[in-house]
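Inspection log for the structure reproduced underneath, given as structure tokens.
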Amino acid sequence: MDFSQVVFTPEQLALESEIRSIIEANWTPNYSHIAVDHDRMPVEVRMEFAKRGLLHPDLPKDQGGAGLGELELEMIAGIADEYWMPTNVSNSMLIPTLEKHGSDWLKENVLPGIRRGEITTCLGYSEPDNGSDVAAATTKAVQDGDTWVINGQKMWTTWGNESDYVFLLARTGPVEEKHRTLTMFLVPMDVPGVEATPVWILGGGRTNVTFYTDVTISDQYRVGPINEGWSVMSEPLATEHGAGVETQGVAPVNGTMGQTFSRVFEKFVDASIKWAASRKTPDGKSRLEDPITRLAIAEAMLDLEMCWNAEGELGKPMSAEALSRNADRMADIAAPEGLLDFGVDGSIYAGNISSERQHAPGTSVYGGTTEIYRNNLARRLGLPRPY
Amino acid sequence: MSLTLRRNDYSLTDEQGQLVDMLRDLFTEQSPIGLVRAAEPLGFDETLWNTVKENGLITISVPENAGGDGGGLVELVLAGIEIGRTAAPVPLLDQVVALRAFAALSAAGADLAGFDLDAALAGDVIVSVAPISTWELGAQLIPSGAVAKAVLAFKDDSIILMTRQTPAPQAQNEGCAPVAWWSPADADVTTTTVLAGGQAQAIWELVQREWRIAAASSLVGLLAISSEMAREYALDRKAFGVTIAKFQAISHQLADIHMDVVTARNMTLKAAWLTENEPKYRPELASMAMAHATRAALRSTTKAAHVYGGMGITLEADISLFYRKVTSWSLVGGGMRRDLEDIARAIDTRAAELQLQSSNR
Ligand SMILES: Cc1cc2nc3c(=O)[nH]c(=O)nc-3n(C[C@H](O)[C@H](O)[C@H](O)COP(=O)(O)OP(=O)(O)OC[C@H]3O[C@@H](n4cnc5c(N)ncnc54)[C@H](O)[C@@H]3O)c2cc1C
């Protein structure tokens with residue numbers, strides 16, 4: 001057991017100032033935008049990071065990384081967070097998948113660009129008629145000699161309007177066979193027949209519907225064996241879910257998404273404190289002294305500490321639900337200003353609060369709903385499948 | 001600004017792992033549920049207490065220079081979890097917290113007024129603390145107060161020692177815990193001031209935190225066993241031709257209970273380690289661990305009992321015993337109201353920090 005403060009080596013301190021100067025030169029924080037988990041890393045930062053192997057810092061140097069450990073990864077995440085800078089990069093979880101399952105052609109022509117941050121990707125799993133039940137995908141890929149013809153529609157293809165490739169889950173046999181007739185492709189998005197139209201979500205974020213009409217691609221874009229798409233896809237999905245992450249005792253234990261949401265929650269608690277400090281009660285005291293406000297913020301702080309302690313797969317659902325619960329609560333506590341958008345007269349930090357109330361419900365959905373997480377957890381507890 | 005990072009390592013050493021195994025075996029064997037029931041209503045079993053003594057557990061987390069084994073708060077938490085799992089009717093946690101307080105008092109040169117500390121270290125005299133004495137003046141409910149002959153408390157800027165020839169009468173309670181009212185004004189109570197001033201305040205601040213961590217650990221154990229029992233029942237019990245564990249309304253409750261167990265355990269271990277090693281860092285952590293363990297234990301033992309249907313509310317069912325025991329460890333320390341007041345002090349700390357940061361945020 002160890003919760004002590006890390007003493008940085010000179011190399012780590014040098015890394016810290018290097019990262020700071022890259023960010024300061026290339027990024028202007030927007031403090032009205034409390035949740036950046038749906039945004040991409042600014043392209044200028046991405047390019048500077050890539051030059052130094054910091055885009056995929058944990059990869060060995062000869063694979064385009066910087067050969068850094070968990071501690072340095074945490075440093076990068078912590079500094080980025082300080083500047084409210086999004087860190088989503090062209091799905092770095094895809095790199096190991098492509099290494100393992102990609103065709104030689106993909107490995108030669110696409111993988112290096114992904115490593116260098118020049119090529120971006122998005123995920124095409126969900127469809128209009130199936131999200132949680134992702135193995136019910138109906139988007140079809142039909143083999144025609146050395147090519148495939150793809151037809152169908154994907155839903156929630158986040159960054160589908162600005163990516164070079166989509167990692168696509170396609171049906172390559174009878175749909176009744178569910179997991180056994182799925183195949184993965186890395187489809188270039190600039191070929192004829194691919195189209196993305198926007199879907200706007202609460203809080204102002206964008207995701208997309210993507211349409212695939214007679215999209216014809218070479219077999220070289222296939223990732224992994226035909227009809228083994230389920231296991232090929234499950235690997236990065238498991239990374240996203242926080243399973244199998246081996247900790248060396250530095251990273252928070254609450255998984256990738258749990259950590260992301262907890263950082264948002266942390267800013268949210270700060271915003272609540274700033275709001276209270278800037279307001280007075282009718283008798284002229286600071287709102288910080290008002291017992292009801294104190295209670296609400298103290299409970300939010302308690303929930304936040306709980307989220308940091310929610311291990312592995314628990315991190316996501318607990319953080320998502322705590323965010324929503326506290327965002328509802330604080331918006332109400334900060335009433336009437338709690339309803340005002342950022343920048344509106346009287347809103348200042350309440351702008352953060354209302355924008356978080358807009359953002360929070362999504363955290364219980366994307367990357368797998370809280371119900372699906374509970375199903376998975378129940379399975380791990382040895383309980384039978386419900387259906 | 002410069003970045004600070006902390007480790008997040010919850011792992012136990014091999015030694016700590018062995019300690020858990022030893023404690024698990026000991027309490028499972030020596031504190032079966034029948035013994036727990038037989039020890040009610042007082043909530044104390046002399047034979048089990050003797051076993052605890054013989055196994056050297058009294059000094060488990062007492063510093064070596066104060067006659068102990070040199071274990072720390074983490075070891076106390078590990079013991080607390082096993083006590084909670086078996087609802088063991090022994091006042092070990094209060095005893096150890098009090099002994100740690102005595103050790104700190106001795107180190108500070110306090111005048112123990114002839115108190116027989118060796119007898120307490122041997123477990124022959126049961127000692128306890130008054131966890132809410134800075135808050136509740138006068139008579140107060142004392143954990144293990146119905147079996148203790150000496151109680152440390154805080155009054156008017158001083159740590160006081162209250163002693164009695166015979167323990168105070170138990171105040172009847174749903175968890176059948178040996179709690180009792182003690183008052184310095186009581187004619188049967190002899191009160192001496194053992195340490196005054198700033199040093200006393202600093203020691204007492206830590207005593208309160210350590211008591212909360214110990215109490216939280218027993219709630220963690222109680223939660224863990226309730227969770228396991230409800231899970232087993234759900235796998236066994238059938239309704240509409242299937243095991244009830246197949247219903248999501250049940251399995252999702254079990255998932256929620258599990259989340260409470262894991263988070264309460266981790267928060268308590270983290271608070272224990274940091275309180276021991278860096279008491280100045282985030283002083284609210286002990287109250288956070290206690291507050292979360294309290295709300296988790298209250299809501300999750302309710303859910304666990306509910307998984308049993310009607311059986312869950314019968315006195316005969318073991319799950320209802322754990323449901324009752326929750327209050328023994330959670331409410332006697334003042335409950336969440338007290339903890340949240342502590343946590344709220346962290347708002348002021350954070351507000352001051354934020355003021356120092358750039359004003360344009
Ligand atoms: C902002 C955003 C971004 C996203 N980005 C991407 C992306 O980039 N790529 C991608 O492929 N997908 C993406 N998704 C899709 C996301 O993964 C799905 O929305 C999610 O898996 C839920 O699927 P669904 O929306 O179809 O809801 P449904 O699966 O239809 O679920 C509806 C409701 O039923 C519940 N439910 C469903 N099945 C069960 C069950 N077995 N047990 C209990 N309850 C159940 C759900 O929990 C939910 O409450 C994104 C979604 C959002 C909102």
Side-chain angles (χ1 to χ4, degrees), chain A residues 1-6 8 13 16 20 29 31 71 74-75 78-79 82 84 247-253 269-270 273-274 276-277 286 288 291 294-295 297-299 301-303 305-312 314 317-318 371 373-387, chain B residues 1-13 16 74 231 234-235 242-243 245-248 250-252 254-256 258-259 262-267 269-270 272-274 277-278 281 284-285 287-289 291-292 295-296 339-344 346-348 350-351 354-355 360-361:
Chain A
M1 203 163 301
D2 191 355
F3 297 93
S4 62
Q5 189 177 321
V6 176
F8 294 133
L13 288 172
E16 179 181 354
R20 279 184 193 282
Y31 295 123
L71 201 155
E74 281 312 311
M75 289 183 71
I79 297 165
E82 205 181 285
W84 294 41
T247 154
Q248 295 169 316
V250 182
V253 291
V269 170
D270 279 353
I273 293 174
K274 287 184 217 162
S286 164
L288 274 180
R294 283 178 85 76
L295 176 65
I297 300 176
E299 285 188 348
M301 286 176 143
L302 173 60
D303 275 345
E305 179 63 14
M306 175 194 78
C307 291
W308 286 120
N309 283 276
E311 214 165 287
L314 314 187
M318 292 194 92
E371 284 73 29
Y373 270 81
R374 284 186 171 81
N375 284 350
N376 293 346
L377 183 53
R379 293 273 306 286
R380 275 214 288 123
L381 293 174
L383 305 176
R385 280 176 178 281
Y387 39 82
Chain B
M1 250 194 299
S2 64
L3 182 77
T4 55
L5 267 192
R6 280 188 175 267
R7 292 181 179 78
N8 278 290
D9 181 359
Y10 296 78
S11 64
L12 300 182
T13 62
Q16 288 167 335
V74 170
R231 173 187 168 277
L235 285 169
V242 296
T243 67
K246 246 178 128 58
F247 305 130
Q248 281 180 331
I250 296 293
S251 64
H252 285 197
L254 292 169
D256 285 345
H258 181 72
M259 293 190 208
V262 175
T263 44
R265 178 178 184 274
N266 284 348
M267 283 172 78
L269 284 170
K270 178 176 169 183
W273 194 94
L274 281 161
N277 292 284
E278 292 181 53
Y281 174 72
E284 71 275 16
L285 284 174
S287 287
M288 282 183 161
H292 184 57
R295 69 179 179 182
D339 297 321
L340 283 165
E341 277 183 12
D342 264 359
I343 297 167
I347 300 173
D348 306 322
R350 187 62 186 150
L354 288 171
Q355 213 139 48
N360 64 338
R361 290 203 194 179

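Below, read A as the first sequence line, B as the second, and so on, with proteins coming before strands; counting in each chain starts at 1.
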Kindly give the heavy-atom pair with the smallest separation between [X] and [Y], and that separation in Å.
X	Y	value
B/Thr263	A/Met318	CG2-SD, 3.6 Å
B/Glu278	A/Phe3	OE2-O, 4.4 Å
A/Met306	B/Met267	CA-SD, 3.7 Å
A/Arg20	B/Leu3	NH2-N, 3.4 Å
A/Arg294	B/Ile347	O-CD1, 3.5 Å

Selection from [options] maximising heavy-atom pairs under 4.5 Å formed with chain A:
options	answer
B/Thr13, B/Val74, B/Leu269, B/Asn277	B/Leu269
B/His258, B/Arg231, B/Met259, B/Gln248	B/Met259
B/Ile250, B/Val242, B/Asp342, B/Asp348	B/Asp348
B/Ala264, B/Ala255, B/Ala272	B/Ala255

Side chain, backbone, both or neither: which part of [X] has a heavy atom under 4.5 Å from chain B?
X	result
A/Ala310	both
A/Leu71	both
A/Leu383	both
A/Leu377	side chain
A/Pro317	side chain

key: Residue, of A/Ala298, A/Pro386, A/Ala378, A/Ser4, that accumulates the most heavy atom pairs under 4.5 Å with chain B   = A/Ser4
task = Please determine, among A/Leu288, A/Asp2, A/Leu314, the option with the most heavy-atom pairs under 4.5 Å with chain B.
result = A/Asp2
Value rounded to 0.5 Å, distance of [atom1] in [X] from [atom2] in [Y]:
X	Y	atom1	atom2	answer
B/Ser251	A/Arg385	OG	CZ	12.0 Å
A/Asp270	B/Arg350	CG	CZ	4.0 Å
B/Ser287	A/Leu302	OG	CG	10.0 Å

ask   = Which residues pass the salt bridge (charged side-chain N to carboxylate O under 4.0 Å, His left out) test with B/Glu341, sequence neighbours left out?
value = none
query = Who are the salt bridge (charged side-chain N to carboxylate O under 4.0 Å, His left out) partners of B/Asp256, not counting sequence neighbours?
reply =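 In terms of salt bridge (charged side-chain N to carboxylate O under 4.0 Å, His left out), with neighbours along the sequence ignored, B/Asp256 is linked to A/Arg374.
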request  = Please lay out, stage by stage, how B/Asn8 and A/Trp308 fare under the test side-chain contact (heavy atoms from CB on, under 4.5 Å).
outcome  = CA-CA 9 Å; B/Asn8 278 290; A/Trp308 286 120; over 6 Å; no
request  = Indicate yes or no: at least one non-hydrogen side-chain atom of A/Pro384 is less than 4.5 angstrom from one of B/Leu235.
outcome  =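 A/Pro384 reaches B/Leu235 side chain to side chain.
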task = Side-chain contact test, heavy atoms from C-beta onward, threshold under 4.5 Å: evaluate it for A/Glu305 versus B/Glu284 and give yes or no.
result = no
Chain A heavy atoms under 4.5 Å from [X]: which part of the residue, side chain, backbone, both or neither?
X	result
B/Tyr10	both
B/Leu254	both
B/Leu5	both
B/Asp339	neither
B/Arg295	side chain

